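Contents: one structure, followed by commentary.
Computed over heavy atoms, backbone and side chain alike; hydrogens, waters and symmetry mates excluded. Small disclaimer: the values here were computed from a predicted structure and weren't measured.
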Amino acid sequence: MASKGTAALEAMIEEATVDAYGDDEQLAGLFTVIEEHLAVPFTTTVLGVEVTVRKVELTADTIVAVCIRGRHRQRIDLLDLPLPTPPPDGTAWIDAYRHWAGR
């Protein structure tokens, strides 16, 4: 699936950050829409291993995906998380976040 065009991504960023001042508040706005719209759980492959993304969390400076495999849990920066094909619903917001972050 091709990622959304730049204008569409920027419109999504504007929607998520309309009342935000500064990077911290913009990050929180993007986290909120990702958390609301991303269909979790979903499976993806990280370093050749299938994991289940259970949820997303906001840290001090980024958004992470909480990945689980068996008893093991790992947080992976959403900017670095490989998405499965087909991607789960709501990944357009991850595209918007990556665009906002310059990725």
Co-membership, hydrophobic cluster, residues M12 and V18, 4.5 Å side-chain: no

Answer yes or no: is there a side-chain heavy-atom contact under 4.5 Å between L9 and D95? yes

How about I13 and Y97: do any of their side-chain heavy atoms sit closer than 4.5 Å? no

Nearest heavy-atom neighbours spanning V33 and A16: CG2-CB, 3.8 Å

Look up atom CG in L30 and atom CD1 in I34, then write down how far apart they are to the nearest 0.5 Å. 6.0 Å

Inter-residue atom distance E10.CD - E15.CD, 0.5 Å rounding: 14.0 Å

Is any side-chain heavy atom of E57 closer than 4.5 Å to a side-chain heavy atom of V66? yes

So does F31 get a backbone contact from the side chain of E35, meaning a donor-acceptor N/O pair under 3.5 Å? no

Atom pair CD1 (I68) and OG1 (T52), whose distance is rounded to the nearest 0.5 Å: 7.5 Å

Is L58 reachable from V56 through a run of I, L, V, M, F, W or Y residues, each pair having side-chain heavy atoms under 4.5 Å apart? yes

Check whether any side-chain heavy atom of W100 sits under 4.5 Å from a side-chain heavy atom of L27, and report yes or no. yes

Test item: T6 and H99 side chains (from C-beta on) under 4.5 Å apart, heavy atoms: yes

Closest heavy-atom pair, A101 versus L79, reported as atoms and distance to 0.1 Å, is CB-CD2, 3.7 Å

CD on Q26 to CG on D19, rounded to 0.5 Å: 11.5 Å

If you round to the nearest 0.5 Å, how far is OG1 of T62 from CZ of R75? 13.0 Å

Strictly below 4.0 Å, N to O, side chains only: are R69 and E50 in salt-bridge contact? no

Rounded to the nearest 0.5 Å, what separates atom CD1 in I94 from atom CD1 in I63? 9.0 Å

Close side-chain approach of P88 to V40, heavy-atom, < 4.5 Å: no

For D89, does the CG atom have more than 12 heavy-atom neighbours from other residues, nucleotides or ligands under 6.0 Å away? no

Could you report the tightest heavy-atom contact between L78 and R98, atom names first, then the distance? O-NH2, 2.8 Å

Should T44 and L81 count as side-chain neighbours, where that means a heavy-atom distance under 4.5 Å? yes

Using a 4.5 Å cut-off on heavy atoms from C-beta on, say whether the side chain of L38 contacts that of T91. yes

